[in-house]
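Data first, discussion second: the structure below is written as structure tokens.
Both ligands and their constituent atoms are indexed starting at 1 by order of listing.
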Amino acid sequence: MKIMAQVGMVMALDKCIGCHTCSVTCKQVWTNRPGAEYIWFNDVETKPGIGYPKRWEDQVNNKGGWKLNKNQKLKLASGGRFSKLLRIFSNPNLPIIDDYYEPWTYDYETLTTAPVSKNGPVATAHSALTGKELDLQWGPNWEDDLAGAPTRALNDPNMAGLEEKVKMSYEQAFMFYLPRICEHCMNPSCVASCPSGAMYKREEDGIVLVDQQQCRGWRFCVSGCPYKKVYFNHKTSKAEKCTFCYPRVEGGQPTICSETCVGRIRFLGIVLYDVDKINEAASTKDPTKLLDAQLDLFCDPFDPKVIKQAEADNIPQDWIQAAQKSPVYALAKRYRVALPLHPEFRTLPMVWYVPPLSPVLEVIEPEKDGSTDPDNVFHAIDKLRIPIHYLANLLSAGDDEVIKNVLKRLGALRSFERKRQLSGTIDDSLGAQVGLGSADLDDLYQLLAIAPYDRRYVLPIAHRERGDELLLSQGTCGIDFESISVSKDNPQKLESVPIEFRRRK
Ligand code: SF4
Ligand code: SF4
């Protein structure tokens with residue numbers, strides 16, 4: 001057993017109001033520069049929808065992430081070394097610019113310099129790539145609030161098996177927002193896909209970064225990432241991606257998207273995990289069991305054995321304490337209300353989501369006397385406006401029961417609090433029905449509904465002074481699948497190398 005620390009994020013989808021503040025502040029800080037016009041490290045998609053880039057979730061065509069070969073061994077879905085060698089100058093699995101969108105700006109000068117005339121001047125859109133006038137047909141947020149849903153939403157890969165059930169007419173539509181950043185995966189296929197060894201996972205906190213000096217622009221990371229969260233900067237010819245705002249995180253501050261989140265939907269914290277078991281967990285045969293396999297990697301930060309091992313593995317004391325207070329650990333493992341996005345991609349993602357409990361009051365059956373019992377939430381779970389199976393396709397590899405269990409816990413929490421606040425009654429039976437005590441429900445309420453800043457963001461400060469110690473003790477990681485790399489001696493040749501964690505520069 002070797003314990004390492006990994007930062008993670010949880011987003012509570014019920015609280016996202018789709019304001020895009022997170023996207024805009026992230027863009028201002030990280031990608032407001034030439035070559036990155038089309039790049040949104042953080043984007044907020046309306047679901048159902050095909051997203052940004054178009055149909056990023058379709059791994060049949062995109063071939064991102066991992067799959068098991070016939071010997072049940074983990075392999076990159078895009079193929080091994082030989083097939084990469086054949087495609088090194090022509091990669092068919094890359095999204096094209098139209099899948100993202102052709103970035104544009106407006107001809108503002110026309111507005112400010114137009115002479116007085118009968119009709120007002122119009123600022124036309126111009127491509128930020130070619131300067132030519134653009135007939136806008138698609139953008140990063142084209143599907144906002146279900147725009148175009150009747151024609152496009154049925155192409156959403158998560159609609160598989162629901163096409164007949166869900167009619168995209170206005171009255172029957174459902175929607176919610178899905179903010180997305182890089183998942184800073186525990187088993188990152190982008191790192192394993194990079195032929196130059198430029199992508200790496202930091203050993204002290206698991207943040208996945210691109211070394212701009214080492215990147216040779218092969219773009220296998222772009223196709224290898226199933227979440228399509230690595231981008232190619234066409235001005236620098238280098239790959240770029242979300243940095244989890246590492247300069248802020250090192251100082252104990254939240255990422256910009258979290259700091260500025262209007263809905264306060266984001267939670268940040270670290271988890272301690274057993275790095276020696278990554279490969280085994282990601283190789284779990286049944287995709288619906290990947291969630292449990294990933295949760296089994298997370299170590300209980302209160303367990304004396306775990307603490308002893310963490311100390312032996314050079315995890316600083318304040319990091320162990322931060323893991324004990326981590327809202328990510330609490331929501332994902334202790335209360336099991338947060339779920340990973342598309343666990344079936346086998347990258348063991350570390351941005352988790354509390355699924356939305358769509359409005360329940362309207363689906364609760366009227367009682368015989370015509371009144372409704374708002375606490376009767378368990379019966380309502382199957383009739384919610386957002387189909388359970390849609391959420392299951394998104395967050396539990398298609399397993400409806402996982403989603404139902406989470407929604408029941410959220411429903412119990414809602415009823416418990418409602419009763420307590422309206423009548424002062426503590427109803428222990430509600431928690432008992434979902435395997436939680438009343439103290440747990442209260443803690444969950446404090447965390448999900450009204451948590452102050454320092455409970456939502458629990459990030460220990462980086463120990464720069466311990467860098468050498470960390471490197472000596474932790475060295476390369478326990479991830480033992482192969483990556484590929486261009487041979488230093490012969491640039492025409494690809495050779496296999498183990499994936500490495502690296503120390504912060
Ligand atoms: S989500 Fe991030 S860490 Fe995971 S594979 Fe994609 S780029 Fe890599
Ligand atoms: S800032 Fe927060 S509430 Fe607004 S869109 Fe982003 S995640 Fe949602």
**N, O or S atoms of the protein lying under 2.8 Å from atom 8 (Fe) of ligand 2** = Cys16 SG
Does any donor atom in the side chain of [X] or [Y] lie under 3.5 Å from an acceptor atom in the other side chain?
{"X": "Ser223", "Y": "Asn91", "answer": "yes"}
{"X": "Asn42", "Y": "Ser23", "answer": "yes"}
{"X": "Tyr335", "Y": "Lys333", "answer": "no"}
{"X": "Asp144", "Y": "Tyr177", "answer": "no"}

**Request:** Could you please spell out the steps behind the ring-ring contact (aromatic ring centres under 6.0 Å, His included) verdict for Phe298 and Tyr329?
**Result:** CA-CA 8 Å; Phe298 297 179; Tyr329 183 85; 7.0 Å; no
**Message:** Suppose I only count heavy atoms of His184 and a 4.0 Å limit; which atoms of ligand 1 are within that range?
**Reply:**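 Atoms satisfying the 4.0 Å criterion: 2 (Fe), 3 (S).
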**Request:** Using side-chain contact (heavy atoms from CB on, under 4.5 Å) as the criterion, point out the one residue from Ser258, Pro179, Pro327, Pro254 that pairs with Met9.
**Result:** Ser258
**Message:** Please confirm whether Arg266 approaches ligand 2 to less than 4.0 Å, judged on its heavy atoms.
**Reply:**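 Yes.
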**Prompt:** Looking only at heavy atoms, what is the nearest atom pair of Gln6 and His184, with distance?
**Reply:** NE2-O, 3.0 Å
**Message:** I'd like to know if the side chain of Arg334 reaches the main chain of Ala332, judged simply by a donor and an acceptor atom lying under 3.5 Å from each other, with no hydrogens or angles considered.
**Reply:**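 Not a single qualifying donor-acceptor pair exists.
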**Message:** Can you pull out every side chain to side chain donor-acceptor pair (under 3.5 Å) where at least one residue sits in residues 343-353? Sequence neighbours excluded, please.
**Reply:**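 Pairs touching residues 343-353 that pass the test: His342-Glu344.
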**Prompt:** Can you name the residues that form a side-chain contact (heavy atoms from CB on, under 4.5 Å) with Leu136, not counting sequence neighbours?
**Reply:** Trp104, Tyr106, Ala125, Leu134, Trp142
**Asked** Sorted by chain and residue number, which protein N/O/S atoms are under 2.8 Å from atom 6 (Fe) of ligand 1?
**Response**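 Short answer, with waters excluded from the count: Cys225 SG.
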